[in-house]
Amino acid sequence: MDDKIVLTGIKPTGMPHIGNYLGALKPLIEMSQNHKTFMFIADLHALNAVHNAKEIKQHTYEIAALMVAMGLNLENTVFFRQSDINEIYQLTEFLMNVTPKGLMNRAHSYKAMVEKNTEAGVDIDSGVNMGLYTYPVLMAADILLYNSDIVPVGKDQKQHVEFARDIAGYFNNIYGETFKLPEPVIGEDCGIIPGLDGRKMSKSYDNTIPLLCPSAELKKKIMRIITDSKTPEEPKNPDESTIFQIYKLFANNDEVAALRKRFLNGGMGYGEAKTILFEKINSVLEKPRMEYERLMANPIEIDAILEKGAECARIVASRMVAKVKKKMLGL
Ligand code: TRP
């Protein structure tokens, strides 16, 4: 463990599927085992797209309960809700004034909207609210508020961390050394995780397996995995089988070798292979699922966890805002 400050935010977007979990959330949980980490549910970042308080609140509980149930180390992690820290609104407003508008014009997600609008022949800013446009400033405030050194994110968020670095640089140039320059750390690509139809697992293909769901639902999903039409007797190629690819993500090496053999030998139908897969995932996720359900039935407990984190986060955040206020306003 080194003394670098690691920070990351997770947007509250409902139950993740196993592809999301393995690609994005599991690495964060592993990192929490041996790093001091600030981690928050980025509910303010959901606001530009979700105009429904109930939904944001519910999704916040879901993702918080899920992270705890999957083993987030709460000893090492300051785990909180972004909107609980009033200083975030303050720092965002302060940073607005050193952030060039042109930088925002270059943000990938804004540019994608402009392109879409241009193609559709409508106003380039159609459907763009200021929350979307200034999303990178809020994210820079998240990162700079807590003195972060390292920000582990997916590829799609790398530009945002670079913007935070740029904004810190602009500020430091004008007002003197104030913010550390954060570094994005992009997780290793864990490869494409196939969905039920063999294509990449993705919400937009409707081929996902939710990470935590009742076992009857899990079974139903797994039974829907598309296979070729080989008979039970025929030998099968495990490397071309979605069932086997997903099994590999949950089973240990010996189990994987054993199932590989059964594929190659023939004599196992896809129905049986699916049952083996279901039983494996179900047993690995049974305990976390129970803990998740327990927490979801006791939201007061989730609130208490997040409030404890917020108390800790506020101490760091209020110092930073005091520093910035002094530099910018002399107060
Ligand atoms: N924008 C990130 C996402 O969509 C979530 C996020 C918000 C974040 N604030 C952050 C990530 C600060 C890292 C650091 O996934």
Side-chain angles (χ1 to χ4, degrees), residues 6-47 49-88 142 146 203 208-221 250 278-317:
V6 179
L7 169 136
T8 197
I10 305 169
K11 239 164 68 167
T13 51
M15 176 53 71
H17 58 69
I18 61 177
N20 294 146
Y21 172 70
L22 295 168
L25 302 177
K26 190 169 175 225
L28 297 178
I29 290 173
E30 280 165 1
M31 191 187 59
S32 78
Q33 307 310 337
N34 54 13
H35 279 91
K36 195 102 199 93
T37 305
F38 284 86
M39 187 183 294
F40 56 87
I41 316 293
D43 56 350
L44 295 175
H45 272 114
L47 278 177
V50 185
H51 294 159
N52 178 329
K54 235 170 112 183
E55 185 182 328
I56 295 183
K57 189 175 177 194
Q58 176 68 12
H59 286 169
T60 298
Y61 279 138
E62 284 169 7
I63 200 76
L66 180 126
M67 293 301 278
V68 173
M70 295 307 293
L72 183 71
N73 185 325
L74 289 172
E75 299 277 304
N76 292 343
T77 311
V78 180
F79 188 45
F80 59 102
R81 192 192 259 123
Q82 182 187 29
S83 63
D84 278 345
I85 312 300
N86 285 332
E87 285 78 3
I88 190 63
D142 284 332
Y146 305 102
K203 254 195 191 145
T208 63
I209 303 176
L211 179 68
L212 300 176
C213 64
S215 70
E217 187 186 333
L218 179 63
K219 186 162 195 174
K220 222 164 93 191
K221 292 266 180 192
F250 289 90
F278 162 70
E279 278 165 6
K280 184 75 233 165
I281 302 186
N282 197 43
S283 75
V284 171
L285 294 180
E286 188 168 64
K287 260 210 198 137
R289 182 170 59 220
M290 278 164 56
E291 176 62 1
Y292 173 79
E293 279 165 7
R294 191 188 69 74
L295 285 165
M296 287 305 286
N298 293 288
I300 290 175
E301 204 173 308
I302 307 175
D303 283 331
I305 292 171
L306 295 176
E307 182 48 36
K308 189 166 163 237
E311 276 163 24
C312 196
R314 270 182 211 117
I315 296 171
V316 181

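Positions are given from 1 along the sequence. Because the structure is a prediction, the values reported are computed rather than measured.
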side-chain hydrogen bond (donor to acceptor under 3.5 Å, both in side chains) involving [X] - partner list, sequence neighbours excluded:
{"X": "Glu301", "result": "Arg294"}
{"X": "Gln58", "result": "Glu62"}
{"X": "Asn282", "result": "Arg289"}
{"X": "Thr13", "result": "none"}

[atom2] on [Y] to [atom1] on [X], rounded to 0.5 Å:
{"X": "Ser215", "Y": "Leu285", "atom1": "OG", "atom2": "CG", "value": "11.0 Å"}
{"X": "Leu72", "Y": "Gln33", "atom1": "CG", "atom2": "CD", "value": "7.5 Å"}
{"X": "Ile41", "Y": "Tyr61", "atom1": "CD1", "atom2": "OH", "value": "12.0 Å"}
{"X": "Asn52", "Y": "Leu47", "atom1": "CG", "atom2": "CG", "value": "11.0 Å"}
{"X": "Asn76", "Y": "His35", "atom1": "CG", "atom2": "NE2", "value": "9.5 Å"}
{"X": "Ile302", "Y": "Leu66", "atom1": "CD1", "atom2": "CG", "value": "10.5 Å"}

| query | Side chains of Ile10 and Phe40: does their closest heavy-atom pair fall under 4.5 Å? | reply | no
| request: Answer whether the closest heavy-atom distance between the side chains of Met70 and Leu212 falls below 4.5 Å. | output: yes
| For residues 284-308, which residue pairs qualify under ring pair (Phe, Tyr, Trp, His ring centres under 6.0 Å), counting only residues two or more places apart or in two chains? |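 Applying ring pair (Phe, Tyr, Trp, His ring centres under 6.0 Å) to every pair that reaches into residues 284-308, excluding sequence neighbours, yields nothing.
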Under the rule for side-chain contact (heavy atoms from CB on, under 4.5 Å), what residues qualify as partners of [X], not counting sequence neighbours?
{"X": "His45", "result": "Lys11, Ala42, Gln82, Tyr135, Leu138, Met139, Asp142"}
{"X": "Ile18", "result": "Met201, Ile209, Leu211, Ile246, Phe250"}
{"X": "Lys221", "result": "Leu196, Pro210, Glu217, Arg224"}
{"X": "Asp84", "result": "Arg81, Glu307, Ala310, Arg314"}

Which heavy-atom pair separates [X] from [Y] by the least distance, and what is that distance?
{"X": "Val78", "Y": "Gly309", "value": "CG1-O, 3.3 Å"}
{"X": "Leu295", "Y": "Ala69", "value": "CD1-N, 4.5 Å"}
{"X": "Ile56", "Y": "Ala46", "value": "CD1-CB, 4.1 Å"}
{"X": "Ala317", "Y": "Ile85", "value": "CB-CG2, 3.8 Å"}

Could you list the donor-acceptor pairs under 3.5 angstrom formed between side-chain atoms of residues 25-32 and any protein atom two or more places apart in sequence or on another chain?
residue, atom, partner, partner atom, Å
Ser32, OG, Ile29, O, 2.7
Ser32, OG, Asn73, N, 3.0

| Would you say the side-chain atoms of Ser283 pair up with the backbone N or O of Lys280, donor to acceptor, closer than 3.5 Å? | yes
| message | Using the ring-ring contact (aromatic ring centres under 6.0 Å, His included) criterion, which residues pair with Tyr146? Sequence neighbours excluded. | response |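 Tyr146 satisfies ring-ring contact (aromatic ring centres under 6.0 Å, His included) with Phe38, Phe80 once adjacent residues are dropped.
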| query | Residues two or more places apart in sequence or in another chain: which of them pass ring-ring contact (aromatic ring centres under 6.0 Å, His included) with His59? | reply |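 Once residues adjacent in sequence are excluded, His59 has no partner under the ring-ring contact (aromatic ring centres under 6.0 Å, His included) criterion.
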